[in-house]
Amino acid sequence: MSDASLNNTTAQTGDAGFGDFFALLKPRVMSLVVFTALVGLLAAPVGVHPIVGLAAILFIAVGGGASGALNMWWDADIDRVMKRTKGRPIPAGKVSEGEAFAFGMTLSVMSVVMLALATNFVAAGLLAFTIFFYVVIYSMWLKRWTPQNIVIGGAAGAFPPMIGWAVATGGISVESVLMFTLIFMWTPPHFWALCLFMKSDYEEAGVPMLTVTHGRRSTRKHILVYTILLAPIAIGAAFTSIGGPIYLAVALVLNALFLKGAWDIWRRDEVQAESDKYRTEKKVFALSLFYLFGHFTAILLQSVLAPYGIGGWG
């Protein structure tokens with residue numbers, strides 16, 4: 001971490017409140033963790049007692065939030081530089097870096113131990129590895145070292161449905177790996193679309209995002225390539241036990257829209273993008289959020305309807 005970061009470790013404008021510590025958990029990211037983990041749990045072929053399931057989702061959410069707090073602790077120096085992040089609790093002076101670190105570590109240990117006690121060691125081990133991967137592999141190493149940071153680091157956000165599946169089954173299967181792969185392959189085009197209209201934020205912060213190291217033309221090409229590779233994975237899941245006609249219909253529509261959006265991004269240059277204030281890039285980024293939500297909602301719907309003999313392939 002930078003000297004400026006260390007010098008500002010204890011700089012605070014006032015006492016931190018509940019809202020400031022809650023913001024450290026990255027609640028928007030945590031909501032995605034909760035949703036995909038819940039889908040993984042409910043889509044599994046083994047039922048879980050509602051109390052156990054509720055406890056498991058709670059501890060997975062806490063573990064995801066702990067990762068966010070530790071990420072903010074480590075990235076405090078670049079968060080102070082970027083417009084998108086300078087309002088976070090640490091750069092805003094609401095929470096010190098030491099408090100964020102202690103908060104994140106406490107929640108990390110608590111979430112893993114409690115998940116192990118409430119469910120099984122496979123699920124707890126996956127949660128522990130997810131926290132480690134996001135904080136150490138992605139935040140401390142990849143993010144500031146390689147433009148492939150978000151490609152490899154995206155694995156951290158892809159583990160929750162595998163954890164949910166492991167809560168129910170005590171193991172890993174083709175279906176849980178498919179859910180992992182869906183999120184893993186979705187993350188790069190989703191995040192690179194954001195990078196295109198965030199302009200100079202990452203360059204000023206010294207983060208080697210693809211837009212900074214390889215240029216915006218190359219980033220547009222990468223978005224298209226990853227979206228093309230993503231489509232068969234997303235559609236192929238329809239023909240497994242977590243899929244069915246409903247999921248297939250949703251996947252076909254969403255992947256067609258996402259491919260069209262990626263194609264539109266690839267065709268544009270910076271002059272066109274700046275002229276309409278990156279309207280297409282912003283639309284594709286918004287679509288990417290709905291894309292993931294739509295696929296996992298379809299998986300959830302298939303799992304809810306399956307016991308009634310509706311929605312599956314029979």
Side-chain angles (χ1 to χ4, degrees), residues 18-44 48 52-75 79 85 88-90 95 100-140 142-143 149-150 152-168 172 176 179-184 186-187 190-191 289 292-293 295-297 299-300:
F18 172 82
D20 300 314
F21 282 101
F22 184 70
L24 283 176
L25 303 179
K26 294 190 175 181
R28 287 200 297 179
V29 176
M30 188 167 65
S31 65
L32 181 62
V33 168
V34 168
F35 178 61
T36 56
L38 178 64
V39 172
L41 189 153
L42 294 178
V48 173
V52 175
L54 182 63
I57 295 301
L58 173 62
F59 299 136
I60 293 169
V62 171
S67 299
L70 291 171
N71 170 265
M72 286 198 194
W73 158 71
W74 182 258
D75 280 351
D79 281 351
T85 57
R88 287 175 172 176
I90 297 175
V95 178
F101 176 75
F103 184 59
M105 287 299 297
T106 300
L107 292 184
S108 296
V109 174
M110 183 189 77
S111 63
V112 172
V113 170
M114 294 304 294
L115 187 63
L117 294 174
T119 61
N120 58 73
F121 287 101
V122 174
L126 283 171
L127 179 60
F129 183 72
T130 301
I131 296 171
F132 171 81
F133 194 97
Y134 185 62
V135 177
V136 178
I137 304 299
Y138 171 66
S139 300
M140 294 184 177
L142 295 173
K143 186 172 183 177
N149 45 23
I150 200 62
I152 306 169
F159 279 113
M162 289 187 74
I163 301 172
W165 186 279
V167 165
I172 296 170
S176 69
M179 288 188 283
F180 168 92
T181 308
L182 176 60
I183 301 176
F184 181 76
W186 162 86
T187 302
H190 159 75
F191 203 81
L289 294 170
L292 195 68
F293 177 77
H295 280 82
F296 275 85
T297 298
I299 293 172
L300 180 61

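Only a predicted model underlies this, so the values are computations on that prediction, with no experimental measurement involved.
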Identify the two heavy atoms, one from Met30 and one from Phe22, that lie closest to each other, and give their separation to 0.1 Å. CE-CE1, 4.2 Å
Please check this pair: side chain of Ser176 against backbone of Met162, looking for a donor-acceptor N/O pair closer than 3.5 Å. no
Interatomic distance, CG@Leu289 vs CH2@Trp186, rounded to 0.5 Å, equals 6.0 Å
Once side-chain hydrogen bond (donor to acceptor under 3.5 Å, both in side chains) is applied, what residue pairs with a partner in residues 27-40 remain, sequence neighbours excluded? none
What pairs with Asn149 under side chain to side chain donor-acceptor pair (under 3.5 Å), at least two apart in sequence or on another chain? none
With sequence neighbours excluded, what pairs up with Leu54 under the side-chain contact (heavy atoms from CB on, under 4.5 Å) test? none
Decide yes or no for Phe159 and Val33: does some side-chain heavy atom of the first lie under 4.5 Å from some side-chain heavy atom of the second? no
With sequence neighbours excluded, tell me which residues meet salt bridge (charged side-chain N to carboxylate O under 4.0 Å, His left out) with Lys143. Asp75
Closest heavy-atom pair, Ile90 versus Ala100, reported as atoms and distance to 0.1 Å, is CD1-CB, 3.6 Å
Should the heavy atoms of other residues, nucleotides or ligands under 6.0 Å from CE of Met105 be counted, would the total exceed 12? no
CG of Leu300 to CG of Leu41: how many Å apart, nearest 0.5 Å? 10.5 Å
Leu32 vs Ile183 side-chain heavy atoms within contact, under 4.5 Å: no
So, using side-chain contact (heavy atoms from CB on, under 4.5 Å) as the criterion, who are the partners of Phe184 when residues are at least two apart? Ala155, Ala158, Phe180
Working for side chain to side chain contact (heavy atoms under 4.5 Å, CB included), residues Phe59 and Val113: CA-CA 9 Å; Phe59 299 136; Val113 170; over 6 Å; no
Main chain of Leu115, side chain of Thr119: is a donor-acceptor contact present, judged purely on distance under 3.5 Å? yes
Closest heavy-atom pair and its distance - Ala118, Ala55: CB-CB, 4.5 Å
Measuring from Leu25:CG to Phe103:CZ, what's the distance to the nearest 0.5 Å? 4.5 Å
With Ala43, which residues qualify under side-chain contact (heavy atoms from CB on, under 4.5 Å), at least two apart? Trp165, Ile242, Ile299, Ser303
What residues form a side-chain contact (heavy atoms from CB on, under 4.5 Å) with Thr106, not counting sequence neighbours? none
Compare every heavy atom of Gly40 with every heavy atom of Met179, then report the nearest pair and how far apart it is. CE-CA, 3.9 Å
Report all side-chain donor-acceptor pairs from residues 128-135 shorter than 3.5 Å, counting only partners two or more places apart or in another chain.
residue, atom, partner, partner atom, Å
Thr130, OG1, Leu126, O, 2.7
Tyr134, OH, Lys26, NZ, 3.1

Side chains of Leu24 and Trp73 in contact at under 4.5 Å (non-hydrogen atoms): no
Provide the closest heavy-atom pair for Val167 versus Ala56 in the form atom of the first, atom of the second, distance. CG1-CB, 3.8 Å
Mind checking side chain to side chain donor-acceptor pair (under 3.5 Å) for Ser139 and listing every partner two or more places apart, or none if nothing turns up? Asn71
What's the shortest heavy-atom distance between Pro160 and Gly157, and which atoms? CD-O, 3.3 Å
